Amino acid sequence: VQLQASGGGLVQTGGSLTLSCAASGFTFTDYAIGWFRQAPGKEREGVSCINKSGGSTNYRGSVRGRFTISRDNAKNTVTLQMDNLKPEDTAVYYCAADVHNLCLKAAMPTDVYYDYWGQGTQVTVSS
């Protein structure tokens, strides 16, 4: 089982980055995918999720309207498009897979519900 997050980097405030999560070793279409982030000295927090069909997505309030999550089940990938980035978005971003498929428009599952995790990609937004 592998989740490979990529696409992080250094951008200025207002810039954009596209994160990708490539999955292998499990049946991708059986899993919801979530993105989490962890800044230095802070707890890990959920950023966004998408259910296994792609029909339901959710975002934490601070990124809603700036980030867009999508998935390509034919390519076993999930993309997080991040626009209008802010310094407070600086963190290591992780993707994770959830077999319980708990990503709903009304609620986003916490990290305890996720079964597999990727290694993380650093996003740094300079002011």
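No experiment lies behind these values; they were computed from the predicted model shown.
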Test: ring-ring contact (aromatic ring centres under 6.0 Å, His included). Region: residues 35-90. Which pairs qualify, not counting sequence neighbours?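 Of all non-adjacent pairs touching residues 35-90, those that pass ring-ring contact (aromatic ring centres under 6.0 Å, His included) are Phe36-Tyr114, Phe36-Trp117.
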Can you list every pair that meets ring-ring contact (aromatic ring centres under 6.0 Å, His included) and has a residue in residues 69-110, with sequence neighbours left out?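 Found none.
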Among residues at least two apart in sequence or on other chains, which ones pass side chain to side chain donor-acceptor pair (under 3.5 Å) with [X]?
X: Thr68; value: none
X: Asn76; value: none
X: Gln119; value: none
X: Gln122; value: Thr124

Residue pairs passing the salt bridge (Lys or Arg N to Asp or Glu O under 4.0 Å) test where at least one lies in residues 107-117, sequence neighbours excluded: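 Applying salt bridge (Lys or Arg N to Asp or Glu O under 4.0 Å) to every pair that reaches into residues 107-117, excluding sequence neighbours, yields Arg44-Asp111.
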Could you name each residue pair satisfying salt bridge (Lys or Arg N to Asp or Glu O under 4.0 Å) that touches residues 53-63, not counting sequence neighbours?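 Sorted pair list: Glu45-Arg60.
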Could you identify which residues cluster with Leu102, counting Ile, Leu, Val, Met, Phe, Trp and Tyr as linked when any side-chain heavy atoms lie under 4.5 Å apart, either directly or through a chain of such contacts?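 Leu102 clusters with Val112, Tyr113.
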Could you note down all residue pairs passing disulfide (SG to SG under 2.5 Å) where residues 23-85 supplies at least one of them, sequence neighbours left out?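 Sorted result for residues 23-85: Cys49-Cys103.
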My understanding is that only residues two or more places apart in sequence, or in another chain, count here; which of them pass salt bridge (Lys or Arg N to Asp or Glu O under 4.0 Å) with Asp98?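 Result, salt bridge (Lys or Arg N to Asp or Glu O under 4.0 Å) vs Asp98: none returned.
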Can you list, pair by pair, the side-chain donor-acceptor contacts under 3.5 Å of residues 9-30, counting residues two or more places apart and other chains?
from  : atom 1 : to     : atom 2 : distance (Å)
Thr13 : OG1    : Ser126 : O      : 2.8
Ser16 : OG     : Asp83  : OD1    : 2.8
Thr18 : OG1    : Gln81  : OE1    : 2.5

